[in-house]
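One structure below.
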Protein chains: 2
Amino acid sequence: MSRLADKIQAMSQKPARKEVADKSYHHDDLRQKLIDATRDMIRSGGVEALSLRKLADRVGVSRTAAYHYFRDKNVLLCTLAEEGFRQWQDQISRIFQDESRLPAERYRIYIRWYMSYALENAEYYDLMFGRSIWKQKCATESLKAVAYEVFQDQIKLIRQGQKQGFLPAGEDSLRLAQVSWGTLHGLARLLIDGIYTDNSHIDEMCDCAANLLMR
Amino acid sequence: MSRLADKIQAMSQKPARKEVADKSYHHDDLRQKLIDATRDMIRSGGVEALSLRKLADRVGVSRTAAYHYFRDKNVLLCTLAEEGFRQWQDQISRIFQDESRLPAERYRIYIRWYMSYALENAEYYDLMFGRSIWKQKCATESLKAVAYEVFQDQIKLIRQGQKQGFLPAGEDSLRLAQVSWGTLHGLARLLIDGIYTDNSHIDEMCDCAANLLMR
DNA sequence: ATCGGAATTTGACAGTGTCAAGATTGGCTG
DNA sequence: CAGCCAATCTTGACACTGTCAAATTCCGAT
C-alpha cells in the first residue's frame, strides 16, 4: 500500500470518528457509567491503580469529562465509598435480623462475615476504610454522615448484646463498640495489607477474637 | 541598581556555584543524608508527601542521585520502615524488662505505649504498617525479616503472659498474638486515619481493650 | 432560527517515578 | 607524575498523573 493511500485513509478517518457513537457529546447517564467503571477498576487493581484518565478511556470519554459530575478525584472515591457503606449497613442489619439464630450465634456469624467480606472485597474494603478517603478533610460530608450512621448502629448492636448477656456488661457501650470494631478492623487490615501472610487460619482467628470479645 | 549590574552578578554566580560544596559531586555520606532527610519529610507531611525530587532538592543533589543507593522509591521507604521496626523492638523489650512492675501491669503499660506511639508518630506508624510498604511484593526481604522477628517476640510475650496468668490460657498463643496485635493495630489505624474522631478518650479505649484481652 | 446553558473536548501546566546516557571525581596503578 | 577506572552524580527524556481555563458541540426553550 502506498503512503499516499495511508494519508487518504488518515484524512477520511478523522472526520468519520465524530459521527461514531463512541466519541459523541451526550451519553445516557455518564455519571452512573463513571461510577460503575470506577467500581470495576477498583475491584481489580485497587484504589491506587485508578486514574481519571484510564477511567475516561474505559468509558470512552475525554480526560476531564468526569469533572462535570465530581469536583475532583477524591469526591468520586467518596461517592463510591458511600455506596459501599450503604450496602455494608444492609448486610449487617440482615445478619442481626435473622431470628432463627440465637443472639450470641448471630454475633459470631457477624464476625466471620466481616472478615470474609473484607478479604473477598479487599480493594473495596481498602477504599472504604483506607487512608485515601479519610486522610484529612478528604471525606465528604455525606460520606462522614453515612459512616457515622453505621457506627451508631454498631453501638446499638453492642448495647443490645450486653443486655442479651453475651457481651461484657461492665464495659461502656461506646468503648466496647470502638474496641470490638478495632479488633475486626485491625485483623482485616493486617491480612489485607499482607502483614499477616497466613490466610489459611482466618476462622480460628475469628473464633479467638469472638472468645475475647464475648462472655 | 542597574540591569547591567544584575547581569554581571548572574554571570558571576553561575560558575561560582560549582565550587560551592552545595552542588559538588561527592558528599560525606549521601546515603545517610538521604535517609535522614526522608525521615524528616515523612514525620512532617506523611509518606504520600514524599517525592524523590523534593527530597533531592532538600539534600541539595540532583533528582536521580538517590537511585545509586536505593533501587527505587519503595526500597528507600522499606529502609526507613526497617529502622523504625528496630527501634520499636527496643522500646518494647525495654518495657517488658522493667522488673519493678508486675507482669500484668507491664502489659497494660505496653498497650498505652503502643497507642501513644502510634498517635504521636502517626506518619511514621503509617509508613511501618501502611499499605505503601506492604502492598504486594513491595516489602524488602530484610524488612520482612525484621518484622517477622518483632512478631515472634510478640508471640513469646503472649505465651509468657499466659503462663503468668494474666492472659487467657485456653487460647492458642499464636492466635492470641494475632488478635491482640490486631486490636491495637485496628484502634491505632482508626484513630490515625481519622475514622474515629474523638482523640480525647484514648486511655479509656486502652483500658477497655486491656480488659478484653486480659483476665 | 436563534440563543443560552449544559455537556464535553482540547490545550496546557506542574508535578511525579524512572531509565539511559553523559559528566565529574577520587584513588589506584604504571 | 600521568592516565585510566570505577564509583558517583547530573542532564535529558519519557510516560504518566490531577486539574485548570478556554474552546467546542449540542439540546431545548424562546
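A note on names: the letters A, B, ... follow the listed sequences, proteins ahead of strands, and every chain is numbered from 1.
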Quick test of your reading of the model: are B/D57 and B/K54 salt-bridged, counting only N-O distances below 4.0 Å?
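Not counted as a salt bridge, because no side-chain N and carboxylate O are separated by less than 4.0 Å.
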Salt bridge check: are B/R131 and A/D126 linked by an N-O gap of less than 4.0 Å?
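Salt bridge present between B/R131 and A/D126.
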Polar-atom pairs under 3.5 Å, protein N or O versus N or O of nucleotides 13-15 of chain D: list them with distances, or write none.
unit_1 : atom_1 : unit_2 : atom_2 : d
D/dA13 : N6     : B/R63  : NH1    : 3.4

Among residues at least two apart in sequence or on other chains, which ones pass side chain to side chain contact (heavy atoms under 4.5 Å, CB included) with A/Q87?
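A/Q87: side chain to side chain contact (heavy atoms under 4.5 Å, CB included) contacts with A/E83.
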Once side chain to side chain contact (heavy atoms under 4.5 Å, CB included) is applied, do any residues pair with B/D172, and if so which ones, sequence neighbours excluded?
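In terms of side chain to side chain contact (heavy atoms under 4.5 Å, CB included), with neighbours along the sequence ignored, B/D172 is linked to B/L174, B/R175.
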Residue-level proximity of residues 66-84 of chain A to DNA chain D when a heavy atom falls under 4.0 Å
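Heavy-atom cutoff 4.0 Å gives A/Y67, A/D72, A/K73.
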Nearest-angstrom distance from the residue atom [atom1] of [X] to [atom2] of [N]:
X: B/L52; N: D/dT10; atom1: CG; atom2: C1'; value: 15 Å
X: B/L55; N: C/dT18; atom1: CG; atom2: P; value: 13 Å
X: B/L30; N: D/dA7; atom1: CG; atom2: C1'; value: 13 Å
X: A/D57; N: D/dC16; atom1: CG; atom2: C1'; value: 12 Å
X: A/L34; N: C/dA7; atom1: CG; atom2: P; value: 13 Å
X: A/E48; N: D/dG18; atom1: CD; atom2: C1'; value: 16 Å

Can you pull the side-chain hydrogen bond (donor to acceptor under 3.5 Å, both in side chains) pairs that have at least one residue in residues 63-75 of chain B, sequence neighbours excluded?
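Matches after skipping sequence neighbours: none remain.
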Could you tell me if B/R189 sits above the aromatic ring of B/F129, with its cationic atom closer than 6.0 Å to the ring centre and no more than 45 degrees from the axis?
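Judged by the rule (NZ or CZ under 6.0 Å from the ring centre, within 45° of its axis), B/R189 is not positioned above B/F129.
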Scan A/L50 against the nucleic acid and name what it touches under 4.0 Å (heavy atoms): base, sugar-phosphate only, or nothing.
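Answer is sugar-phosphate: A/L50 comes under 4.0 Å of backbone atoms only.
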Measure the CG-CH2 distance between A/L190 and B/W181 for me, rounded to the nearest 0.5 Å.
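Between atom CG of A/L190 and atom CH2 of B/W181 there are 7.5 Å.
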Which residues satisfy the salt bridge (Lys or Arg N to Asp or Glu O under 4.0 Å) test with B/R53, sequence neighbours excluded?
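B/R53 satisfies salt bridge (Lys or Arg N to Asp or Glu O under 4.0 Å) with no residue once adjacent residues are dropped.
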